[in-house]
Structure formats: structure tokens, C-alpha cells
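Heads up: numbering here begins at 1 and tracks the sequence. All ligand and atom numbering here is 1-based and tracks the order in the structure. This one's a predicted model, so the numbers in the text were calculated from it and none came from an experiment.
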Amino acid sequence: MKIFIDTAKLEEIEEAYSLGILDGVTTNPSLIKKIVDELKEKGEKVDMESYITDILKAAKGTPVSLEVIGTSYEDMVKEGKKLFERFNPVADNVVIKIPVNPSTEDGSENVFDGIKAVKELSDAGIPVNCTLIFTPEQALMAAKAGAKFVSPFAGRVDDFIRANNKIEFEKTDYFPVEGIEKDGKVLDDNGVVSGIDLVSQCVEVLGNYGFETEVIAASIRNPRQAREAALAGAGIATLPFDVIKGLLAHSKTAEGMKKFVGDVIEEYNVLFK
Ligand code: E4P
């Protein structure tokens, strides 16, 4: 499974790339806001153009998703082309993120605008990451429109199922892949029992028809969910920096290290001098 980092924080991107295990970056307007707010708090001024340029260079030729802000087909296509033309020459690695459906309420008129924008940008040779995927059929539509990537939001599905059923939770809490049973019934969102179940259904549906579209397991909140994305066959998981760190953690690894370090005898130590 490829690992992308889900952040707009340059320091995190640089550190993760220095490990040699990173395959891409995903950003969104909320992640950009988070870092810009942080920098402003520190009294730093942010020049967005050069900040994004630095991210693209730090990503060393691997894909970086940049999201549009419009909610109409026309705006998203215009913005996608503008972002691509402005930034792709930096390192030839820009992917445009388009919401699968930009309606902000059910029944809005722009329900097809995301898919139309995915199609137009993809036909123009611009790689698209179709985002805010919450059903396998949305993934299917995006793949049919030519998206290079689809991003099912695993963690937000788990949040949604828990919130709908008045289950208290912390954002990073583990949610079982097979779902949660309450009053003798497995809770679900329209046949999806967990975020990883959504990822798995997207992988299965696209796999059934041989689409080249890659599934990015997104909105991943903890290392176990990243493991389960890999078990579900996601080609990619996009992970926050702390989740990447968590992939290496186990208390027995730390305990074992403590013992090994404590057991180093002088006769062995001398070999390293
Ligand atoms: C990635 O492409 C998504 O924007 C991101 O994973 C969303 O994560 P969140 O649900 O933790 O905000």
C-alpha cells in the first residue's frame, strides 16, 4: 500500500519524506486553514503561492492533491485548470481534488457538477482526486468520469454512525471494521457498517470492472485503521503525521529495546568503537 501524508504542514511533509516511505501528499482547505492559522499565531506571514511551491518541491515528484474551492462545474473546472497550470510546472506532481458532489444540501441543483468537472479535467489530461466519497456508488461514478483517485472518508463514516446512534467518541477512537452492534443490530449508514467497510466496498466495486482509478483510504484516524485499509486492499492510505508515527509503535517493541540496550556488554560494545 502506498502511503500519502494528509497534511498541509511543510515541516511534517519534509520529515515524512526524509524517512523514504512516502508516496504522496493530500491537502484540503481545512488542512490549509489549520497551518495558516498556526503560522499567523506565531506572527508569520504566509505567501500561499510560495508555500504551495515548497510543498510541491518537498514531495519529490510524488502526487500532491490541491483542492478547488468552487461549488459549480464552471468554477471547479476554471479553478482546477488554474491550479494545475500555475503549480504543475513546479515539480510535475499536481493532482486536482474535486468533490464528488458539491451540493451543500440534499436536492441542490448542482448534484452533477462534481462529476462533470472530474470528466472535463480528466479528459484534459489533468489527474483528479475525487473527494468526499461516502458510498461505493459515488466511487463508481467518479471512476467512470475518469478520476485517477477516489477518496472514501473512512473516519468520517465512523463519526457519522456513532453520532447518529448517540455513541460518544473521541476522534482517534478505534471503530471496528465489522461495525458496532447495538440492540442486537449492526449499526450502518446505508449498508456501510464502518469507514473501512466503505473503503473495502469501493475497492471491490472498482476491482469488479477493472478501473485504473486508485482508492485512497482517507480520513484515517489511527494506525489500526491504516492496517485495515491495507487489509481491505486500498492502493493508498493518506495518513496524518501522528498516524504515520503510530505505525511504528508497540509497547513491547519499546520494552524489548530497553532490555537490549541494558544488556549490551563491554565485549560486544567494543565492536562498534
Ligand atoms: C483527505 O484527502 C481528506 O481530506 C482527509 O483525509 C479528511 O480527513 P478528516 O476527516 O480527518 O478531516
| query | Can a non-hydrogen atom of D6 be found less than 4.0 Å from any atom of ligand 1? | reply | yes
| Protein contact to atom 8 (O) of ligand 1 [nearest heavy atom, distance to 0.1 Å] | S219 CA, 3.4 Å
| task | Please could you name the atoms of ligand 1 that K171 approaches to less than 4.0 Å, counting only its heavy atoms? | result | 11 (O)
| field | More than 12 heavy atoms of other groups within 6.0 Å of E38 CD | value | yes
| query | Could an N or O of ligand 1 be found under 3.5 Å from any N or O of T131, whether backbone or side chain? | reply | no
| message | Under 4.0 Å, counting heavy atoms only: does K97 come that close to any atom of ligand 1? | response | yes
| query | What do you reckon, does S151 have a nitrogen or oxygen under 3.5 Å from a nitrogen or oxygen of ligand 1? | reply | no
| message | If you count heavy atoms of other groups shown closer than 6.0 angstrom to NZ of K144, is the number above 12? | response | no
| Heavy-atom closest pair, residues V150 and A139 | CG1-O, 3.9 Å
| request: From the options Q225, R221, K171, select the one residue that forms a side chain to side chain donor-acceptor pair (under 3.5 Å) with D158. | output: Q225
| request: For a side chain to side chain donor-acceptor pair (under 3.5 Å) with S65, tell me which candidate from T26, T27, T238, N129 qualifies. | output: N129
| query | What residue and heavy atom of the protein are closest to atom 11 (O) of ligand 1, and at what distance? | reply | R221 NE, 3.1 Å
| field | Nitrogen or oxygen atoms of N28 and ligand 1 under 3.5 Å apart | value | yes
| said: Looking at every non-hydrogen atom in both residues, tell me the closest pair between S194 and G179 and how far apart they are. | reply: CB-N, 4.5 Å
| Looking at R156, which atoms of ligand 1 are within less than 4.0 Å of one of its heavy atoms? | 7 (C), 9 (P), 10 (O), 12 (O)
